[in-house]
Each structure stands twice: as structure tokens, then as C-alpha cells.
Amino acid sequence: MDKFMERAVVLAMDNVNSGGQPFGAVLVKDDQIIAEGVNELHKKFDVSGHAELLAIRRAQEQLKTNDLSGYTMYASGEPCPMCLSAMYFAGIEQVYFCGSIEDAAGVGLGKSKEIYEDLKKLRVDRSLSMIQMQLEEGQVNPMILWKERTKIK
């Protein structure tokens with residue numbers, strides 16, 4: 001097994017032994033570990049406290065950047081939709097994982113599978129109700145304000 005994946009799996013096992021879920025992640029660039037994380041939901045009561053997100057946050061804070069292009073994520077489990085989205089936003093270019101979403105569902109960790117299935121549906125058919133509300137007449141549109149301040153065409 002690759003040394004970085006081995007590290008992610010060890011982190012996951014240690015997390016299970018300390019009362020957490022079986023997820024560990026290692027963010028790598030140029031054959032060096034830049035940041036690590038384990039699911040900390042059991043410690044912080046924060047649903048965003050996933051291993052991959054924590055590794056991303058730590059790397060971005062340490063490097064003072066939002067751009068993680070050229071980085072690779074090694075995760076003990078297939079990333080959930082939230083973590084996957086964060087990787088897209090950060091520019092991470094490659095992800096390796098061990099356990100699949102189906103494997104996780106098989107041991108009682110099925111929320112990710114449910115969310116992936118829900119995201120395949122049209123917005124109006126999803127289980128989470130999303131209702132767009134228009135700005136009132138005369139209200140400043142934050143999108144337009146941002147475009148004007150950043151000179152985006």
C-alpha cells in the first residue's frame with residue numbers, strides 16, 4: 001500500500017479507537033505530507049469536521065492560500081459530497097481512497113450515499129427544500145457589488 005494511503009488508514013483506525021468514525025485524510029504535494037485530518041464530529045459537534053475538510057483547512061491556513069492546485073488527497077474512505085465539493089473549490093487535482101461510499105453504508109454510515117443519490121435529482125425533487133427568493137426593488141445586489149469591486153467583466 002502507498003505510504004500516504006497507509007497513513008490515512010492508520011489515522012482512521014486511531015480515530016475509531018478514540019471514539020470517532022473510520023475516516024482519515026492526508027493532503028500531499030511533491031511527495032510530502034502537507035496536512036492531515038480525521039473526522040472530529042464526536043469531539044467538536046460540527047458536521048463539517050470531516051477528515052478531508054480539516055486537512056484542507058489546515059493546509060490553507062498554513063500556506064495562506066485557497067488554491068491547492070497540484071495537491072493530492074489520500075482518504076481512508078471515499079469523500080462525501082461536502083468534502084468532494086471542497087476539493088473542487090480548492091483545486092485539488094487527484095483523490096485516492098480505500099473504502100467506498102457503499103462500504104460506508106454497509107457499516108451504518110450511509111448518509112453520504114443518500115446525499116449523492118439526492119443530488120442526482122432535479123432541485124425541485126430533492127429531499128432538502130430549496131426556495132429562491134428575489135431581492136426587493138432597490139436592494140443592493142451583493143453579486144453586482146462584488147463584480148464592481150473586483151472589476152470582473
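Note that the structure is a prediction, hence the values are computed from the model and not measured.
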With distance as the sole test, does Asp118 use its side chain to make a donor-acceptor pair with the main-chain N or O of Ile115 at under 3.5 Å? no
First locate atom SG of Cys80, then atom NZ of Lys111, and finally report the distance between them rounded to the nearest 0.5 Å. 11.5 Å
Criterion side-chain contact (heavy atoms from CB on, under 4.5 Å) on Ile34 and Leu63, from CA distance to verdict: CA-CA 9 Å; Ile34 305 303; Leu63 301 168; 4.0 Å; yes
Show, in sequence, the C-alpha distance, side-chain angles and deciding distance for Glu117 and Lys120, and conclude whether the salt bridge (charged side-chain N to carboxylate O under 4.0 Å, His left out) test is met. CA-CA 5 Å; Glu117 290 300 319; Lys120 292 178 185 177; 3.2 Å; yes
Backbone N/O of Leu11 and side chain of Ser76: donor-acceptor pair under 3.5 Å: no
Output the distance between atom CD1 (Ile56) and atom CZ (Phe89), rounded to the nearest 0.5 Å. 11.5 Å
Joint cluster assignment, Tyr116 & Tyr88, ILVMFWY side-chain distance < 4.5 Å: yes
How long is the gap from CG on Asn15 to NZ on Lys43, to the nearest 0.5 Å? 6.5 Å
Do Ile101 and Leu84 belong to the same hydrophobic cluster, where Ile, Leu, Val, Met, Phe, Trp and Tyr are linked whenever their side-chain heavy atoms lie under 4.5 Å apart, directly or via other members? yes
Please determine if Glu40 and Arg58 form a salt bridge, counting it only when a charged side-chain N lies under 4.0 Å from a carboxylate O. yes
Hey, can you tell me if Tyr74 and Tyr96 have their rings parallel, tilted or perpendicular (30° and 60° cut-offs)? parallel
Flag yes if more than 12 heavy atoms outside Glu61 fall under 6.0 Å of its CD atom; otherwise flag no. no
ring-ring contact (aromatic ring centres under 6.0 Å, His included) with Phe97: which residues, sequence neighbours excluded? none
Search all heavy atoms of Ala105 against all heavy atoms of Lys113 and return the closest pair with its distance. CB-CD, 4.1 Å
Distance only, no hydrogens: is a donor on one side chain within 3.5 Å (strictly under) of an acceptor on the other, for Asp67 and Ser69? yes
Look at the side chain of Asn39 and the backbone N and O of Ala51, then say whether any donor-acceptor pair between them is shorter than 3.5 Å. yes
Verify same cluster id: Met5, Val38 (apolar side-chain graph, 4.5 Å): yes
Check whether more than 12 heavy atoms from other residues, nucleotides or ligands sit under 6.0 Å from atom CZ of Arg126, and answer yes or no. yes
Are the side chain of Glu36 and the backbone of Val26 linked by a donor-acceptor contact shorter than 3.5 Å? no
Could you give me the CA-CA distance, side-chain angles and deciding distance for Ile33 and Phe4, then say whether side-chain contact (heavy atoms from CB on, under 4.5 Å) is met? CA-CA 8 Å; Ile33 294 175; Phe4 301 122; 3.7 Å; yes
Considering non-hydrogen atoms only, spot the tightest contact between Cys83 and His50 and give its length. SG-CB, 3.4 Å
